[in-house]
Amino acid sequence: MRTIIPFGPQHPVLPEPIHLDLVVEDETVVDVIPSIGFIHRGLEKLVEKKDFQEFVYVAERICGICSFIHGMTYCHGVEQLMKIEVPPRAHYLRTVWSELSRIHSHLLWLGLIADAFGFESLFMHSWRLREKVLDIIEATTGGRVIFGSCKIGGVRRDIENGTLREIAAKLRDYAVEYKDLGNVFLNDLTVKRRLCGVGVLSGPDALGLGSVGPMLRASGVAQDMRLLKYAAYGGIDFAPVTAEEGDSYARCAVRIGEIFQSVEIIRQCSEKIPGGAIEIKVTGLPEGEFYARTEQPRGEVIYYIKANGTKNLERLRVRTPTFANIPPMLKIMTGCQLADVPVLVLTIDPCISCTER
Amino acid sequence: MDTLTLILYVAFAPLLGGLLAGVDRRITARMQGRFGPPILQPFYDVVKLFNKENLVVRRSQTVYIIFFLAFMVFTGGIFYAGEDLLLVIFSLMLANTFLVLAAYKGSSPYSAIGAERELLQIMAYEPMVLFYVVGIYMASKTFYIETIATTQHPMLIRFLPGIFLGFLYVLTIKLRKSPFDLSTSHHGHQEIVKGITTEFTGPSLGLIEITHWYENVLLLGMVSLFFAPNLWLGAGVALAIYLLEIFIDNACARARWQFTVFSSWVVAAVLGFGNILALTLFG
Amino acid sequence: MQKSPWIIHYDGSSCNGCDIEVLAALTPMYDVERFGVINTGNPKHADIFLITGSVNEQNKAVIKNIYDQMPNPKVVMAVGICACTGGIFRECYNVLGGPDKVIPVDLYVPGCAARPESIIDGVVKALELWEGKRRKRTGRESIQT
Amino acid sequence: MPFFTISKTILRSLFGRPATLMYPAVPREYVEGSRGHIEIAVESCSFCSLCQRKCPTEALSVDRETKIWKIDRLRCIACNFCAEACPKKCLSMATGYSPAVTSPGETEEHHA
Amino acid sequence: MIESQDFRETTPERLIGEVQGMRDAGYRLVQIGATRTEGFEINYSFDRNLEFVNFKIRLADNTEAIPSISGVYWSAFLYENELHDLFGLNIKNIHIDYQGHFYRVARPAAFAEKPPPPKIKRAVKPTAGTEVKET
């Protein structure tokens, strides 16, 4: 019996509207037809109305989860165009906030995937731990999800060196709890039954389909935009977290690994951070075109900025990681079980408001 | 065991069941690091539901739900009145069939899949439930619950440890607890939305909720039967089992239907049938 | 006093910030289940419709549809600046404005992103509105019969 | 043991104190610098309307003639841009959001 | 560190050949994006181990036919449908063609419109938005 099950746009497992028409034979999904545009606002076109400095606020609100990195990538792109030398301290602060947002995003994802396979208490505990990270973020930036701390030419707020070391120490304590949580995800038999061997994507397939971020790294391809050494990543010692299996379990393992990696990067930042100014005065107007690439929790984000020497940019194009990860998601969903649909949708860590902008 | 217990059951099972559900939600919340709702929350919910509009896809839906409730009360009634255990098992199954029928009438893909999964669940737990009846008969030589519960004999659990454990396994399915909350669950985040209850609103949903309370009290009664004739001990153990189920609910991911069906059958074959075999050989 | 608000949450075209704050309100730190709130995800079970984000061309019909599927009495709560007025995306070509362009909205919760505390306050306020609607409804029924 | 790996966490939570902050019974203490709502010390305002021009959401309106400073709370995204721009430093970011309202479009007025 | 920006020009006729070459050389398709200039520009971006390459096609208007590269990179169908819906570009033979139903938008091909002249309100801004307070 073939039935078409509408999955979304309003669906309890996904807080965001993605719509999939699942063609189902009993409990097996034989075809998936996505339709998007439920969140399309057309904000890239807003560059024509907002000036390039004000637009940071819009860029931050492309997505409420990777908000800071969106703002930072935008600033990074404009700064490169305008040849602005951002003070090193600002670079380090940006790195710290990027990694804090990576921790909170990955904890959020762990909660959501737990919810997708029906493990309510694991969801609750993941989000309980996430709140502690949000407290750090709020104390340092003033916002819980929209940081608002990045600006062209630097950052808006400073974190004192002592506070930064305290944050690093706090995170080290939290890491003990992350370990307990990670143990459940990686070793619990009921969880493993839902993740192992589900949605396998081989390395060459992942590359061919253009997947990015943890999705790509879980298929054994060590690609991480942080290796481009934007912000302060040039002075940080780290290596991309990878896994070989390419299934949902591997993606889960990569993200858990990255939480610990982020804790470590923040520790390094707290030790290496130089003194000095946190911003410089911005004069002049941007001109030219530039592709800014950074690593979000979900993968590589691309900002194409084209400016013509006026206050308004000529074109801003944002290619977000989820957009790149949709084709591989469709690929792994064909032939899966209906019960695995939420798990597979979530393994790409979808962020629809990014995708549709 | 007589009409008195029957009246007590019909009148107080929803109270006890609702209270258990309230305690369940509070303990679950605490396990999740939350404060949790008031103990009386399930009652507030049901009162609220009866204050809502009843939107139905087909009018027969509500009729089926009323049958579901009526048969559940009947099933529990004959159990607590001490009647025939066989009748209890079969009318319990009939009651559940009405829920499935009501869900099919909802004609939405989610409730249809929910109904399908409910049938799979019935398929999963039914063999073990049958072994339960056979085992109890072999140990007590009667189907009459009143006789089983009141006659002086060694506690049934001494003969039926395998069946007891097997019954606990399928009890997780019957109580709609994780890992076997396939057709619907108390934590609504599921790929099939609310599954079997998706298409019910207001008063109908309230009736389903009350029926589940009746059902839970009946199921706990069936657990306590293992400890007959010491029924107080039985009741205590049944409560402990309920707590254990809450723990299991919070410590497992949801399984797929294949695992649910096959593992239940394996459990039934090994623990249930093994126990019966042992009784036949050595009993 | 009403004690059992079941909510349904729909993300209009928000940035996710408010959505995850709505979810965060369910989690241990804020735990709105203390007030009996359940996030049902099923319009037929819900009492409070919680919308985040603004309305655009494509989700207009979805919002209307969810609203129509909810049984009376029901309360609509717009959470976050985008859902109140369209926020920073107000000028985007594909944004029509807040959900009040499509369905009647009873309560506006400000914040960018709305904090869980604001959402809790909003839910508590929405309960009073719900109770008012229920009284009105039962009153009307008794007049009719 | 591959089963019940979460036992330690949930049992500790069961017998420990819940993490819930108990808001609103216990009022929330906001950290310093948390962005909530904009406040104005209207007596030192020069009504230069720079804030109005900087505001990305056009939530502010300033009338130099009548000396009225207005804010639409349902538009303000608490970005702090106005406070940074204010030459008189009479705008400041306070903690805690403004309350929910039942009707939109009401602006809050501050007269000098 | 400033990332090198490698822009290469190409034409609709040469496109498939160039893209096939990138695929054979093991590049990953990063994105396809368009820009409204006097005419239109389409950028095809590729990456191989952080090595970033762009191909640029310049078009006079959006009616000109462009071949789809979804035969080479399957995942390109998303980008190409997006270009069609937002820019009204005429892309031929997309693997999965939504026929303009990928995004349902208030104004079709809104991105193809020329940007309006700057608003008066912005023009009177005292320091043209470039003033930044020193801390």
Side-chain angles (χ1 to χ4, degrees), chain A residues 8-19 35-46 48-50 54-55 57-58 60-67 70 104-105 108 111-112 115 123-132 134-135 138 143-146 148 351-354 356-357, chain C residues 8-31 33 39-43 45-46 49 51-63 65-66 69 80-82 86-96 111-117:
Chain A
Q10 186 276 318
H11 197 279
V13 176
L14 304 167
E16 292 181 274
I18 181 167
H19 180 83
S35 53
I36 70 170
F38 291 95
I39 312 202
H40 179 67
R41 295 155 284 195
L43 61 83
E44 288 167 349
K45 222 174 150 48
L46 265 192
E48 293 163 5
K49 292 180 181 161
K50 310 257 176 215
E54 204 181 343
F55 198 81
Y57 293 116
V58 184
E60 281 198 319
R61 284 165 177 80
I62 289 178
C63 169
I65 306 176
C66 13
S67 155
H70 269 297
H104 107 72
S105 173
L108 175 136
L112 290 179
D115 204 23
F123 161 69
M124 291 292 182
H125 284 290
S126 306
W127 281 55
R128 178 174 60 82
L129 295 178
R130 176 178 165 267
E131 285 292 333
K132 295 183 180 173
L134 289 188
D135 285 346
E138 192 184 358
R144 275 165 55 88
V145 290
I146 307 283
C351 178
I352 309 301
S353 56
C354 284
E356 302 176 358
R357 311 169 304 276
Chain C
I8 176 165
H9 160 233
Y10 182 71
D11 170 357
S13 48
S14 94
C15 72
N16 254 342
C18 296
D19 306 306
I20 54 175
E21 292 293 54
V22 168
L23 272 186
L26 300 165
T27 56
M29 281 293 227
Y30 299 98
D31 187 32
E33 209 192 340
N39 185 10
T40 63
N42 179 1
H45 294 182
F49 186 10
I51 313 176
T52 53
S54 46
V55 178
N56 70 13
E57 204 54 36
Q58 190 148 354
N59 65 29
K60 187 161 79 171
V62 180
I63 289 175
N65 196 359
I66 294 175
Q69 280 188 36
I81 293 299
C82 294
I88 198 160
F89 303 121
R90 195 178 65 261
E91 293 177 280
C92 290
Y93 77 95
N94 206 32
V95 170
L96 301 176
C112 184
R115 286 185 74 96
E117 284 91 356

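Side-chain atoms are counted along with the backbone in the values below, which use heavy atoms only and exclude waters and symmetry mates. Just so we're on the same page: letters track the sequence lines, and every chain starts at 1.
Residue contact with chain A, scored on non-hydrogen atoms closer than 4.5 Å, involves the backbone of S14(C) exclusively. Heavy atoms closer than 4.5 Å to chain A are found in both the backbone and the side chain of C112(C). Proximity to chain C involves both the backbone and the side chain of L43(A), based on heavy atoms less than 4.5 angstrom apart. Of the two parts of I88(C), the backbone and the side chain both hold a non-hydrogen atom closer than 4.5 Å to a non-hydrogen atom of chain A.
Ranked by heavy-atom pairs under 4.5 Å with chain A, the list N65(C), D31(C), I66(C), N59(C) is led by N59(C). Ranked by heavy-atom pairs shorter than 4.5 Å toward chain A, the options V22(C), N56(C), V95(C), V62(C) are led by N56(C). The candidate from G12(C), C18(C), A113(C) with the greatest count of non-hydrogen atom pairs under 4.5 Å with chain A is G12(C). Highest contact tally toward chain C, considering only G64(A), G143(A), S126(A), S67(A), is held by G64(A) [criterion: heavy-atom pairs under 4.5 Å].
Using a 4.0 Å cut-off between charged nitrogen and carboxylate oxygen, R115(C) and E138(A) count as a salt-bridge pair. Between E21(C) and R144(A) there is a salt bridge, with a side-chain nitrogen of the basic residue lying less than 4.0 Å from a carboxylate oxygen of the acidic one.
For the residue pair I65(A) and I20(C), the shortest heavy atom distance occurs at CG1-CD1, 3.9 Å.
Counting only N and O atoms by type, the side chains of D19(C) and H9(C) include a donor and acceptor under 3.5 Å apart.
Listed by chain and residue number, F123(A), M124(A), W127(A), E131(A), A24(C) satisfy the side chain to side chain contact (heavy atoms under 4.5 Å, CB included) test with T27(C) (two or more places apart in sequence, or in another chain).
In this structure, the side chains of S13(C) and F89(C) stay at 4.5 Å or more apart for every pair of heavy atoms.
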